Amino acid sequence: MSDSNDLLADLTDDQRAAVTHGEGPLLILAGAGSGKTRVITRRVAHLLRSGVRASNILAITFTNKAASEMKNRVEKLAPGNRVWVSTFHSLGARLLRQYAERLGFDRNFTIYDVDDRNKLVKDALEASGMDNVKFSPERVGGAISKAKNQLLTPPQYERTATDFFQQVVGKVYHGYEKRLRKANAMDFDDLLYLPAMALKTNEELRAELDARFKYVLIDEYQDTNSAQYQIVKQLSLNYPNLCVVGDPDQSIYKWRGSDIKIILDFERDFPDSRTITLAQNYRSTKSIIHAASVLIDHNKQRKKKDLVTDNPQGDPVRVITFDNGLDEAEGVVLRIKEAVKSGKFKYRDHAIFMRINALTRSLESAFVKHGVKFQIVKGLAFFERKENRDVLAYLRLLANPQDTVSFLRVVNEPGRGIGKVSLDKLQGFAADQEIGLLAAAGQVAKITEIRGKAVSGLRDFHRMMSDLRARLDLPPHDLVRLVLEKSGYEAMLRDSTDEDDAERLANVGELVTAAKQFWDEDNTRTITDFLEQITLASDVDGWDEQADHVSVMTLHASKGLEFPVVYVLAVEEGLLPHERSMGRDDEIEEERRLCFVGMTRAMKELYMCHARMREFRGQLNYCIPSGFLQELPRGGVEFIDPSMARNAARTAADEWRLKASSAAKDWADTGARPFIPPRKPNPELKPTIPDAPDTGLAVGVLVQHEEFGLGNVTDVSGYGALRRVKIRFPAHGEKVFAGDKIRLKVVGRKKA
DNA sequence: CCGGAAAGGGTTTTT
DNA sequence: CCCTTTCCGG
């Protein structure tokens, strides 16, 4: 049972110290690629081998995929030990179900995602009579989410509300909570908020769980929010054997309530803690580490920290300039194809990252066009399709008859002649009687205001759901099949003439397969478990890392992963950094960290791409290279512009240009000229520095106007005479300029 | 009172 | 460009 060589032999001194650290708080500051996952896993195995019982260990990871990987690795290192590894949200859900009675909840609660939440918020907003103020449910819901993350109750929030928006949110927060509880539902934030509150107010429960989880390990601690921190803290009072691992430079979820201060204050929060820094990088080449380090060093609110590696220098980081977004997608796919053809890499060695999901579209067609296998890593996408959401809503309503959102989603899908007016009446009746909507449907005969088809529709719906509910103990996949049959959903799709419905039919069939697989893995799991797993799945949970394909994902999803070759797309002002972060120092710094995270995923080759123009929601816009590109070191970075190497070959850009010039003829009387994309006249293939921002107006550009003075470009659309430029002047507000003869001068990029 | 067609509005990142 | 809301015919 003593330390075996296999756990420690291949570790550095620092890593070994982290693995073998005994009792007491431990902070591991682990730079990118420093082997932190390995350290946590080994530490868990080491604890087990030193006699700690598996049931006394709790490990928190950022995704369910990471959790199951860690579980498996630990079991290999210390066979027979089943350690509790999960995400914060899964932990919360499990605790709430386990202690449901003690905490006064029904353990069959439904977990509402953001869409469900917004529907409920909308209802609460309308009921509060404040819906005429034009605050969107999304915005109000976001504010409520933030409040819960800070553990503010509705009365507390109302007390601290200062402006009008917050007052409205405070009102709606009350109503929203009431509706949630009535629906026997928890939103994502509840899964943290309620356990955190329970631990704070219920000392008996707190002490019990603290003693149960004597050893707590947390990965990605830099992205912990207040509610999560409270949970951690309350579980580490009597047994402060808390080990947290993180890297402040990789904190990218501030917008979701994460607070970088939590990791920075660890040493103060947990007295007698030990801190171990892992600065050695084992993942990337020197070129990549150097470029990423120089970039992140531009963050002012940062404790300076050096990342070092003994790896070879490697190829320079390459910045590639494309004419437009289509060229970029195609160019990257072709480069990957070439690298595979030459035998240098496999498809699965490649990953493509981007700031926003919308950019995957053009990539998708480029992949299809060139026959390159790829996976867009977005785990929930399949379950988010309308038809699957519908079927899942039936299941949710079966598992939890109080679930109002699901009831309203499926009660008339397929059509049963139940319209909005009838449903309003039904909701009124349910509220009066203080019963759920499904129960109210069962008493539709008593609701005299509802007439006609709606009466039989509601009655039949209720009867059908009652019959199904009697079969709730069926294995999940059998229940899905039964729902498809009895609800008429399958028949609706099968009998449809709409071509798309054939695909939808196949999709809901896939849902049966998914449920079957879920049950095959562990046949003690129920439909509620199935639904929970789907709702709490993260994007990377659906990622197949074994298959030989190119992986495409957002920068956020890339956290914690590594690939031999990485392409980061659209490194442009407005996208990375995203325009919504413009003008706020701390948010620009988070965007820079996001860029840093993407870069440090690369092991051997790193490509940062940008385009001169890009189509965005049907509009073609100028793009200026991201300021981040200009922050990269001059040495070790190579600038490539394929358009200069090209002679007569026609590209997508040329085709677009032809279209643009013929379109421009129609505006000849307005004085418009065909748009010619900026081109460097450099005939040689010498590396060049990306275009300076004086090539055109773009979002984020600082301009000088003759009359209004200095201003910041907030929007650009169209070109030639149809161009519209929106500029915000500090003294004059926002103004829109039309055409291309505006009397202003580009001064530079807006500096924070 | 219901369901389909047309117009209008809004778009980061995710558990 | 896509989804939601609104409007109108049956």
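So you know, we letter chains A, B, ... as the sequences are listed, proteins then strands, and number each from 1. This structure is a prediction, so every number in the text was calculated from the model and none was measured.
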Practice task
May I have the distance from A/K420 (atom NZ) to C/dC8 (atom P), rounded to whole angstrom?
Solution key: 18 Å
Handout entry: Short side-chain N/O contact from A/K425 to OP1 or OP2 of B/dC1, under 4.0 Å
Key = yes
Problem - Charged tip of A/R139 within 45° of A/F165 ring normal and under 6.0 Å - result: yes
Problem - Closest listed nucleotide, where the reference is the side chain of A/H578 and the choices are B/dC1, B/dT15, B/dT12 - result: B/dT12
Practice task
Check whether any side-chain N or O of A/T554 sits under 4.0 Å from OP1 or OP2 of B/dT13, and answer yes or no.
Solution key: no
Exercise for the section: Round to a whole Å and report the spacing from CG of A/D223 to P of B/dT14. Expected result: 13 Å
Practice task
Measure the distance from CD on A/E384 to P on C/dC3 and round it to the nearest whole Å.
Solution key: 12 Å
Practice task
Report yes if at least one side-chain N or O of A/R580 is closer than 4.0 Å to OP1 or OP2 of B/dT12; otherwise report no.
Solution key: yes
Handout entry: A/E413 CD - B/dG3 C1' separation (whole Å)
Key = 12 Å
Problem - Closest-nucleotide 5' rank along DNA chain B - winner of A/T87 and A/A454 - result: A/A454
Practice task
With A/K446 as the cation and A/F429 as the aromatic partner, state whether NZ or CZ is under 6.0 Å from the six-membered ring centre and within 45° of the axis.
Solution key: no
Practice task
Grab the CG-C1' distance between A/D539 and B/dT12 for me, whole Å please.
Solution key: 13 Å
Exercise for the section: Give A/S422 one of three labels, base, sugar-phosphate or nothing, depending on what nucleic acid heavy atoms sit under 4.0 Å from its own. Expected result: sugar-phosphate
Exercise for the section: Check the geometry between A/W255 and B/dT13 and answer yes if their rings are stacked (centres below 5.5 Å, planes below 30°), otherwise no. Expected result: yes
Fill in the blank from the handout: Closest to the side chain of A/Y253, out of B/dT15, B/dT13, B/dT14, is B/dT14
Problem - Side-chain ion pair, A/R614 and A/E572, N-O less than 4.0 Å - result: yes
Exercise for the section: Respond yes when some side-chain nitrogen or oxygen of A/N412 is under 4.0 Å from OP1 or OP2 of B/dG3, and no when none is. Expected result: yes
Practice task
Please determine if A/R94 forms a cation-pi arrangement with A/W84, meaning its NZ or CZ atom is less than 6.0 Å from the six-membered ring centre and no more than 45° off the ring axis.
Solution key: yes
Exercise for the section: Would you mind reading off the distance between A/E590 atom CD and B/dT13 atom P, rounded to a whole angstrom? Expected result: 14 Å
Exercise for the section: Taking only the side-chain nitrogens and oxygens of A/T63, find out if one of them lies under 4.0 Å from OP1 or OP2 of B/dT15. Expected result: no
Practice task
Kindly say if A/K122 contacts the phosphate of C/dT5, meaning a side-chain N or O under 4.0 Å from OP1 or OP2.
Solution key: yes
Practice task
Could you tell me whether the side-chain ring of A/H556 sits stacked on the base of B/dT13, using a centroid cut-off under 5.5 Å and a plane angle under 30°?
Solution key: no
Handout entry: Contact under 4.0 Å: A/N357 side-chain N or O vs B/dT13 OP1/OP2
Key = yes
Exercise for the section: State whether a side-chain donor-acceptor pair under 3.5 Å links A/D541 with A/S538. Expected result: yes
Fill in the blank from the handout: Comparing nearest nucleotides in DNA chain B, the 5'-proximal residue of the pair A/A358, A/L423 is A/L423
Practice task
For A/D189 and B/dT15, give me the distance from atom CG to atom C1', rounded to whole Å.
Solution key: 9 Å
Practice task
Could you tell me the separation between the CZ atom of A/R592 and the P atom of B/dT13, rounded to a whole number of Å?
Solution key: 21 Å
Exercise for the section: State whether A/Y253 and A/R256 meet the cation-pi test: NZ (Lys) or CZ (Arg) under 6.0 Å from the six-membered ring centroid, and within 45° of the perpendicular axis. Expected result: yes
